[in-house]
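Following: one structure in structure tokens, then a few remarks.
Just so you know, these numbers use all the heavy atoms, side chains as well, and skip hydrogens, waters and symmetry mates.
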Amino acid sequence: MYLVCGEALFDFFSENDASGLASKVNFKAIAGGSPFNVAVGLRRLGVDAALFAGLSTDYLGRRLLQVLLEEGVRTDYLLDFAAPTTLAMVAVGANGSPHYSFRGEGCADRLLEPEHLPELGSEVRGLHIGSFSLVVQPIADTLLALVRRESGKRLISLDPNVRLNPQPDIELWRSRIGTLVEHADLIKVSDEDLGLLYPGEDPARVIDGWLQHRCQVVFLTRGGEGATVFSRAHGTWSVPAQSVQIADTVGAGDTFQAALIAWLSEQQMDSVEGVRQLGRGQIDDMVRFAVRAAALTCGKTGPDLPFRHQLDLR
């Protein structure tokens with residue numbers, strides 16, 4: 001079982017209104033949040049998964065819980081809070097890339113404290129962390145404490161997924177990511193995130209620094225240009241993106257992340273030692289599987305992550 005840790009929220013997508021009235025804005029709300037999406041994505045890809053998160057007892061929070069139950073995500077690690085659900089207002093650019101504006105101060109998914117940390121049994125094979133839960137308090141320090149406690153005991157994957165709207169202090173992001181990469185066995189990062197964290201710096205140089213710690217392999221996603229692998233043991237190479245008619249790219253990175261973990265789980269390599277033993281051909285199969293999965297999500301509106309059988313059809 002994989003334990004995903006972090007935020008759960010609703011994405012509000014603006015829609016065109018036929019009336020043309022400036023005073024009227026239509027929205028379509030879709031359950032999301034990067035960790036939430038990864039947990040759902042893992043279940044759709046056949047991996048037993050749970051979410052460690054705070055959920056609101058308000059209407060939207062109960063809808064998030066309903067989605068998790070319907071998707072088969074385990075709810076053992078959820079905590080209820082009488083605080084609002086985070087809202088993310090999403091505007092989609094001409095190239096399908098999303099732009100976010102968050103309403104989350106004091107919301108339920110930020111309220112996890114160190115006292116809420118669960119004891120983990122042997123059934124938990126690994127942890128995944130990422131996005132703004134890494135830098136907003138008190139959940140940020142709670143997740144850091146969890147990662148420090150479990151580092152070396154279970155596979156730890158990290159996706160920075162930088163979102164400056166909920167926390168605009170890039171120095172804080174840089175410092176916290178710098179600490180977390182010391183404990184991660186596998187990292188997925190987008191070229192956009194690296195550009196925000198380290199503007200003007202060579203991505204290869206930054207990633208080489210990450211590989212000096214525990215990390216065995218880093219996957220750099222580059223949108224329509226595909227993905228590049230940086231392996232401690234096997235060097236660097238790239239794979240192309242799959243051609244797809246893009247609806248938007250919302251959830252594509254989360255799909256890529258879930259697919260990486262799912263591939264490891266299917267191959268029974270989802271452990272610290274398993275990732276260390278990966279061969280070049282295995283890592284190549286892994287990244288190509290993730291690229292295929294992400295392409296399916298890009299062909300749909302919103303974070304509609306694929307099911308395992310859909311990947312067999314490609």
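- Residues Leu64 and Phe27 fall within the same hydrophobic cluster, defined by Ile, Leu, Val, Met, Phe, Trp and Tyr side chains chained together at heavy-atom separations under 4.5 Å.
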task = Assess whether side chain to side chain contact (heavy atoms under 4.5 Å, CB included) is satisfied between Leu155 and Ile261, documenting all intermediate values.
result = CA-CA 10 Å; Leu155 182 66; Ile261 298 169; 6.0 Å; no
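- In this structure, the side chains of Leu51 and Phe36 come closer than 4.5 Å at one or more pairs of heavy atoms.
- Between the Asp159 side chain and the Gly130 main chain, no donor and acceptor come within less than 3.5 Å of each other.
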query = Yes or no on salt bridge (Lys or Arg N to Asp or Glu O under 4.0 Å) for Asp254 and Lys188, after CA distance, side-chain angles and deciding distance?
reply = CA-CA 10 Å; Asp254 301 330; Lys188 192 278 288 184; 5.8 Å; no
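- Between His116 and Thr142 there is no side-chain heavy-atom pair separated by less than 4.5 Å.
- Using a 4.5 Å cut-off between side-chain heavy atoms of Ile, Leu, Val, Met, Phe, Trp and Tyr, with links allowed through other members, Tyr2 and Leu260 fall into the same hydrophobic cluster.
- Arg176 CZ to Glu171 CD: the interatomic distance, rounded to the nearest 0.5 Å, is 14.0 Å.
- Clustering ILVMFWY residues whenever any of their side-chain heavy atoms sit less than 4.5 angstrom apart, transitively, puts Met286 in a cluster other than the one holding Val272.
- Arg222 and Thr228 share a donor-acceptor pair across their side chains, judged by distance under 3.5 Å alone.
- For the pair Ser265 (side chain) and Val47 (backbone), a donor-acceptor distance under 3.5 Å is absent.
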inquiry  = Pair Val189, Val206 - check side chain to side chain contact (heavy atoms under 4.5 Å, CB included), show working.
reply    = CA-CA 11 Å; Val189 65; Val206 174; over 6 Å; no
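- At distances below 3.5 Å, not a single donor-acceptor pair connects side-chain atoms of Gln167 with backbone N or O atoms of Arg163.
- How far CZ of Arg174 is from OG1 of Thr179: 13.0 Å, rounded to the nearest 0.5 Å.
- Distance alone, capped at 3.5 Å, is enough to place a donor-acceptor pair between the Asp193 side chain and the Val162 backbone.
- Two residues are said to be in side-chain contact when any heavy atoms from C-beta on lie closer than 4.5 Å; Gln282 and Gln267 fail this criterion.
- At a threshold of 4.5 Å between non-hydrogen side-chain atoms, the residues Tyr198 and Arg205 do not count as touching.
- The two residues Leu197 and Pro160 have their closest heavy-atom pair at CD1-CB, 4.4 Å.
- Of the options Val4, Ile139, Leu120, Leu143, a side chain to side chain contact (heavy atoms under 4.5 Å, CB included) to Phe52 is made by Leu143 and by none of the others.
- Checking each of Ile129, Leu127, Asp141 against Leu146 for a side chain to side chain contact (heavy atoms under 4.5 Å, CB included) leaves exactly one that passes, namely Leu127.
- Asp80 has a carboxylate O that lies under 4.0 Å from a charged side-chain N of Arg62, or vice versa, which qualifies the two as a salt bridge.
- Although no hydrogens or angles enter the test, the distance criterion places a donor-acceptor pair under 3.5 Å between the side chain of Asp58 and the main chain of Thr85.
- Hydrophobic clustering (side-chain heavy atoms under 4.5 Å, transitive across Ile, Leu, Val, Met, Phe, Trp, Tyr) keeps Phe256 apart from Phe307.
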inquiry  = Go through it in stages, so that I can follow the logic: the residues are Trp263 and Asp285, the test is side-chain hydrogen bond (donor to acceptor under 3.5 Å, both in side chains), and I'd like the CA-CA distance, side-chain angles, deciding distance and then a yes or no.
reply    = CA-CA 9 Å; Trp263 189 94; Asp285 288 345; 5.4 Å; no
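- Side-chain atoms of Arg110 never come within 3.5 Å of backbone atoms of Val136 as a donor-acceptor pair (strictly under, hydrogens ignored).
- Side-chain contact between His183 and Leu158 is absent, with no heavy atoms from C-beta onward closer than 4.5 Å.
- Classification of Glu70 and Arg43 as a salt-bridged pair fails, no side-chain N sitting under 4.0 Å from a carboxylate O.
- A distance-only check finds a donor-acceptor pair linking the side chain of Ser133 to the backbone of Glu7 [under 3.5 Å].
- Side chains of Ser271 and Arg125 form a contact here, defined as non-hydrogen atoms less than 4.5 Å apart.
- Distance check: Cys215 SG to Ile156 CD1 gives 11.5 Å after rounding to the nearest 0.5 Å.
- The backbone N or O of Leu78 lies less than 3.5 Å from no partner atom in the side chain of Thr75, so there is not a single donor-acceptor pair.
- Although no hydrogens or angles enter the test, the distance criterion places no donor-acceptor pair under 3.5 Å between the side chain of Trp173 and the main chain of Leu164.
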request  = Please step through side chain to side chain contact (heavy atoms under 4.5 Å, CB included) for the pair Gln257 and His128, ending with a clear verdict.
outcome  = CA-CA 9 Å; Gln257 179 67 64; His128 174 69; 3.4 Å; yes
message = Apply side chain to side chain contact (heavy atoms under 4.5 Å, CB included) to residues Glu182 and Arg148 and explain how you reach the verdict.
response = CA-CA 9 Å; Glu182 297 177 7; Arg148 282 175 166 160; over 6 Å; no
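- A salt bridge between Asp312 and Arg308 is present, with a side-chain N of the basic residue lying under 4.0 Å from a carboxylate O of the acidic one.
- Atom CZ of Arg232 is separated from atom CG of Asp185 by 9.5 Å, given to the nearest 0.5 angstrom.
- Side-chain contact between Leu186 and Leu264 is present, with heavy atoms from C-beta onward closer than 4.5 Å.
- Although no hydrogens or angles enter the test, the distance criterion places no donor-acceptor pair under 3.5 Å between the side chain of Thr221 and the main chain of Ala227.
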inquiry  = Between Arg288 and Asp284, does the salt bridge (Lys or Arg N to Asp or Glu O under 4.0 Å) criterion hold? Intermediate values first, please.
reply    = CA-CA 6 Å; Arg288 291 178 187 275; Asp284 194 65; 2.8 Å; yes
task = Take Ser131 and Ser34 through the test side-chain hydrogen bond (donor to acceptor under 3.5 Å, both in side chains) and record every step on the way to the result.
result = CA-CA 6 Å; Ser131 200; Ser34 180; 4.8 Å; no
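- The side chain to side chain contact (heavy atoms under 4.5 Å, CB included) test with Gln216 singles out one residue from Val275, Ile187, Leu211, Ile283, and that residue is Val275.
- Atoms CZ and NE2, from Arg44 and His309 in turn, are 9.5 Å apart once rounded to the nearest 0.5 Å.
- Across all non-hydrogen atoms, the minimal contact from Ala241 to Val291 is CA-CG1, 4.0 Å.
- Residues Phe132 and Ile30 fall within the same hydrophobic cluster, defined by Ile, Leu, Val, Met, Phe, Trp and Tyr side chains chained together at heavy-atom separations under 4.5 Å.
- Side-chain atoms of Leu79 and Leu111, non-hydrogen and from C-beta on, never get closer than 4.5 Å to each other.
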